[in-house]
Each structure stands twice: as structure tokens, then as C-alpha cells.
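Down below is the structure, laid out as C-alpha cells.
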Amino acid sequence: MKLNELLKTVQPVDVIGSTDIEITGVDIDSRRVETGHLFMAMRGTQTDGHTYIPAAIGKGACAIVCEELPAETQPDITYVTVKDSEDATGRIATLFYGDPTSQLELVGVTGTNGKTTTATLLYRLFRHFGYKVGLISTVCNYIDDESVPTDHTTPDPITLNQLLGRMADAGCQYAFMEVSSHAIAQKRISGLRFAGGIFTNLTRDHLDYHKTVDNYIRAKKKFFDDMPRDAFSLVNLDDKNGMVMVQNTRSHIHTYSLRSLCDFKGRVLESHFEGMLLDFNGQEVAVPFVGRFNAYNLLAVFGAAVLLGQKPEEVLIGLSTLHPVSGRFETIRSPQGFTAIVDYAHTPDALVNVLNAIHGVLEGRGRVITVVGAGGNRDKGKRPMMAKEAVRQSDRLILTSDNPRFEEPQDIIRDMVAGLNAEEMQKTLCITDRREAIRTACMLAQKGDVVLVAGKGHEDYQEVKGVKHHFDDKEEIRNIFAGTNH
């Protein structure tokens with residue numbers, strides 16, 4: 001594709017050299033550059049792409065998009081300076097990969113909790129309806145039934161447009177994606193056209209990146225501010241930030257709620273560890289999901305599917321066939337008659353949701369033993385809060401290692417313990433080894449009790465000092481139940 005074509009949606013500040021040149025690839029990583037490629041110099045959070053301009057040229061880049069010209073320019077290279085190279089990267093990548101979102105209906109899901117479940121269930125539901133569908137999520141990306149491994153909740157703009165382009169080429173009619181606050185703030189979704197956006201909820205998270213809750217809210221809100229006029233915005237009315245999200249949107253606003261009058265109204269009629277009986281807009285549906293938070297997720301799925309033109313009755317039938325996402329409130333029954341639950345809850349709010357769901361089913365008929373840690377090199381402020389929420393709703397609490405990354409596990413546990421008073425410490429154990437912590441919880445459990453293992457969910461590794469070691473909470477529990485865990 002010609003460079004002048006790619007620059008159509010970008011307003012360059014200055015251009016040095018010819019734009020009538022053929023571009024054979026677009027990169028933000030100088031290591032991936034090949035002859036004839038365009039290199040986008042972005043100011044990343046870790047490194048500044050401008051320092052890699054010479055390396056990109058050395059690998060064969062014929063043009064550079066940057067915010068600041070290098071001290072020395074090469075005579076046979078085209079340099080395009082722009083105000084915002086993050087924004088330009090998204091727009092150029094979109095064009096280079098054939099504007100894939102003009103060929104499929106893309107729906108983004110944002111919020112602190114519930115993004116993965118909501119996006120994945122929409123993907124499964126629309127495949128159940130017989131459509132070819134794409135999914136971009138934390139757990140896995142899918143191009144219809146082909147799985148594509150994932151590193152980030154929302155990939156970089158080049159990878160993202162490549163993926164969406166492959167979805168369009170494969171004949172996908174719909175694509176559902178998790179949209180993280182990082183991706184919005186870093187403009188990874190620039191240039192994409194959304195048919196709809198869903199807001200699940202907003203609680204404290206990622207403050208290591210956003211610094212303040214206000215910045216975090218602004219990042220999420222920008223997603224809806226930029227939504228096109230003919231798109232829909234579906235927001236959770238029961239979250240105090242729900243209507244804040246759509247204050248300045250041009251899109252069609254719709255609401256869902258378990259408490260208030262709204263477009264998509266839900267009620268939980270019955271709840272067991274095997275599932276719930278729900279009422280959505282006056283019609284009953286039985287689902288194998290547990291907890292009010294899952295009722296919200298399913299309600300968002302119901303609303304979005306109806307807004308995308310599906311008949312409400314058919315959506316409800318489809319919902320009854322769906323199953324929980326890997327590592328999200330997954331229950332495993334022990335031979336001793338207690339229940340183990342594995343969940344990805346890694347924020348104070350998510351932990352509260354899961355524990356509320358457990359108590360909603362137990363109704364005081366069994367004890368709750370919680371195993372939880374906190375990730376290293378992430379928001380330290382939530383550590384004491386997580387311990388506090390966990391101990392408040394558990395009969396026994398075991399604090400352990402999560403993904404310590406480059407921190408010492410004991411230091412993370414110490415930060416968590418700081419949130420507990422002397423009385424709460426009486427029912428708390430600190431066991432750094434996660435395998436040992438899970439085994440201890442299962443030894444303490446009796447018939448009718450629940451062991452909650454929180455924080456890692458679908459992850460099958462533990463990240464220590466930059467190395468990922470195989471570790472799977474569900475596998476550990478099954479080994480303990482089978483008597484094979486040593």
C-alpha cells in the first residue's frame with residue numbers, strides 16, 4: 001500500500017521525503033522490521049520507540065512516523081512527524097489491514113470486572129446462533145474456532161488490526177473484545193469502528209498505571225465518548241459510574257440493572273452451587289452460573305444480543321446452553337463432601353462478589369476457607385484491602401503467593417497483613433508456598449464447607465523473577481482430591 005494512502009486519516013505536522021512509496025508492512029517493534037516497512041516510533045510506558053529509529057532503518061524501514069525527528073536524517077528515508085504517534089499507529093494499522101471493522105460488527109466490553117466473561121459468552125452465544133465470530137480476550141483470542149494465544153487483554157494496534165483483518169477474511173460477522181483501560185489510554189483502539197460498547201462496573205484497579213481513580217474513570221469514559229452515532233452503549237445502571245460513562249457519548253444509550261427500572265431488567269429467583277434461576281424482562285431462564293455478579297454478566301450479554309438484532313426468546317434459550325468461562329467461579333466437588341471454587345478474583349471488589357455469591361448459596365450452612373494472594377509489581381494499595389475483604393467474609397483465611405513477579409512473596413503478604421487487626425489475625429495463616437496453602441485449606445475443610453482459591457483462575461503458571469513456572473490451581477485441587485499431591 002502506498003504511504004500517501006496510509007496517511008489519509010492522519011494529519012502530519014511535517015513530511016520529509018516522498019510519500020509515493022510502497023509500504024509492505026507496519027511495525028512498532030524495530031526487531032520485526034523488514035525491507036519496505038513503515039516504522040512507527042511510539043513513546044511507550046517502558047521504552048521510547050524514537051531511540052530505535054536507527055535500528056529500524058538498519059533492518060530495512062523505508063519510512064518513519066515519529067513525534068520528533070532524529071538528530072540525523074537519512075536522505076533516502078521518508079520521515080513523517082505527527083502530534084501523537086500512538087493515535088497515528090492505530091489509524092495507519094487500521095488502513096493497512098483493510099479497515100477490518102468496516103466489514104464486521106465489533107462490540108467492546110470495558111469495566112473492572114466481568115469483561116472476560118461477558119465478551120466470551122457473547123462469542124459463544126453468537127456461535128450457537130450459527131454465525132462466524134471473533135473473540136479478543138485475556139484468556140484467548142479466537143478467529144471463529146481457531147485459537148490464537150494472547151499476551152495482553154487488548155493487543156497493540158498492529159497485532160489487533162492483523163487479528164481483526166484475519167477475522168474479516170475468515171468471514172466473521174461479529175467480533176467481541178475486552179477493552180482494557182490501558183488500551184484506551186494508550187490509544188491501541190484508535191481507528192477501530194465499534195458497533196457497540198458495554199460497561200460492566202468500575203472499582204479500584206490498575207492504579208499502578210493510572211495513578212488516580214479519576215484517571216481510571218476518564219480512560220474508561222473515553223471509550224464511550226468516541227463511540228460513533230449509530231452504535232449502542234449498554235451500561236450497568238446499578239454502578240454509580242454507569243451513567244457517568246455515557247454523559248458525552250453520541251451513541252444510543254441503553255441500561256441494564258438488577259435493582260432499577262431500565263431497558264434490560266433482571267432478578268435472581270433461585271441460587272445453588274449448580275446454577276441460578278433468573279428472570280430477564282419478565283421471562284425465566286435457568287443457567288449453570290452462580291452469583292449476582294454473573295447475573296449482571298448474563299444480563300449484559302442478553303442486552304447486547306438483543307441490541308444486535310437477536311430475538312429475546314432465542315437469546316434466553318441460547319443463554320441456558322452456556323457454561324462458565326475457565327477459572328471464573330469453577331466448582332470442584334471433593335470426595336469428602338466439601339466444595340472447592342477457583343476464581344480469577346484479584347481485586348477487592350471481585351473478591352467481595354465471589355464471597356457474596358458463596359454465602360448466598362451456603363446461607364450459613366458451612367464454613368468458608370479462602371486462599372488468596374496479590375500480584376507483585378502491581379497496585380500495592382489494594383493488598384491490605386483484599387486481605388480485609390477476604391477475612392471479613394471467611395471463617396479461615398490463608399494468605400499466600402500469587403504471581404510475585406520481581407517482588408519477594410513475603411513482602412507482598414506483609415502488605416496484605418497490614419490490613420488486618422489482632423482479632424482478624426487469629427483466623428489467618430500465612431503460607432508462602434501456594435501449593436502448600438491450597439493443601440492446608442483442603443485439610444481444614446469439612447463436609448459442607450467451601451474452599452475458595454482466588455486470584456489466578458485460568459492462569460496455568462506462576463511468574464517468579466521474570467520466569468513463568470507451571471502452576472494451575474484447578475490441577476492442584478484435583479490432585480489433592482485424587483490423593484496424588486505430594
Which donor-acceptor pairs under 3.5 Å do side chains of residues 273-290 form with protein atoms, sequence neighbours excluded?
from : atom 1 : to   : atom 2 : distance (Å)
D279 : OD1    : G282 : N      : 3.0
N281 : OD1    : K265 : N      : 2.8
N281 : ND2    : D263 : O      : 3.2

TODO: Please list all pairs passing the side-chain hydrogen bond (donor to acceptor under 3.5 Å, both in side chains) test where one or both residues lie in residues 100-111, with sequence neighbours left out.
DONE: T110-K220
Listed pairs under 3.5 Å, donor-acceptor, residues 352-361 side chains, sequence neighbours left out:
from : atom 1 : to   : atom 2 : distance (Å)
N356 : OD1    : Q393 : NE2    : 3.1
N356 : ND2    : V352 : O      : 3.4
H359 : NE2    : Q393 : O      : 2.7

Open item on the list: Centre-to-centre under 6.0 Å for F302 and Y256, is that the case here?
Closed with: no
For [X], enumerate each residue passing the side chain to side chain donor-acceptor pair (under 3.5 Å) test, keeping only those at least two apart in sequence or located in another chain.
X	result
R292	none
H254	none
D449	R367
D460	none

TODO: Tell me, yes or no, whether the heavy-atom count around Q247 atom CD, taken from other residues, nucleotides or ligands under 6.0 Å, exceeds 12.
DONE: yes
Task: Heavy atoms of other groups near R250 CZ, more than 12 under 6.0 Å - done: yes
If you look only at distance, which donor and acceptor atoms sit under 3.5 Å apart when one is on a side chain in residues 310-321 and the other is two or more places apart or in another chain?
from : atom 1 : to   : atom 2 : distance (Å)
Q310 : NE2    : Y131 : OH     : 3.2
S320 : OG     : I317 : O      : 2.6
T321 : OG1    : G318 : O      : 2.6

Just distance, no hydrogens or angles: give the donor-acceptor pairs under 3.5 Å from side chains in residues 88-99, sequence neighbours left out.
from : atom 1 : to   : atom 2 : distance (Å)
T89  : OG1    : S85  : O      : 2.6
R91  : NE     : D87  : OD1    : 3.3
R91  : NE     : D87  : OD2    : 3.0
T94  : OG1    : G90  : O      : 2.8
T94  : OG1    : N161 : OD1    : 3.2
Y97  : OH     : Q162 : NE2    : 3.1

TODO: Please name the residue in the list F176, F129, Y142 that meets the ring-ring contact (aromatic ring centres under 6.0 Å, His included) test with Y123.
DONE: Y142
- [ ] Using a strict cut-off of less than 4.0 Å between a Lys/Arg side-chain nitrogen and an Asp/Glu carboxylate oxygen, indicate whether D156 and R188 qualify as a salt bridge.
- [x] no
Task: R392 bridged to E389 by N-O distance under 4.0 Å - done: yes
- [ ] Hey, could you give me each pair passing salt bridge (charged side-chain N to carboxylate O under 4.0 Å, His left out) that has a residue in residues 136-147? Not counting sequence neighbours.
- [x] R127-D144, E146-R166
Open item on the list: Test of understanding: with ring-ring contact (aromatic ring centres under 6.0 Å, His included), list the residues that count as partners of Y296, not counting sequence neighbours.
Closed with: none
TODO: Quick one: list whatever passes ring-ring contact (aromatic ring centres under 6.0 Å, His included) with F232, sequence neighbours left out.
DONE: none
Open item on the list: Please identify which of these residues, D402, D472, N403, D343, meets the side-chain hydrogen bond (donor to acceptor under 3.5 Å, both in side chains) condition with K456.
Closed with: N403
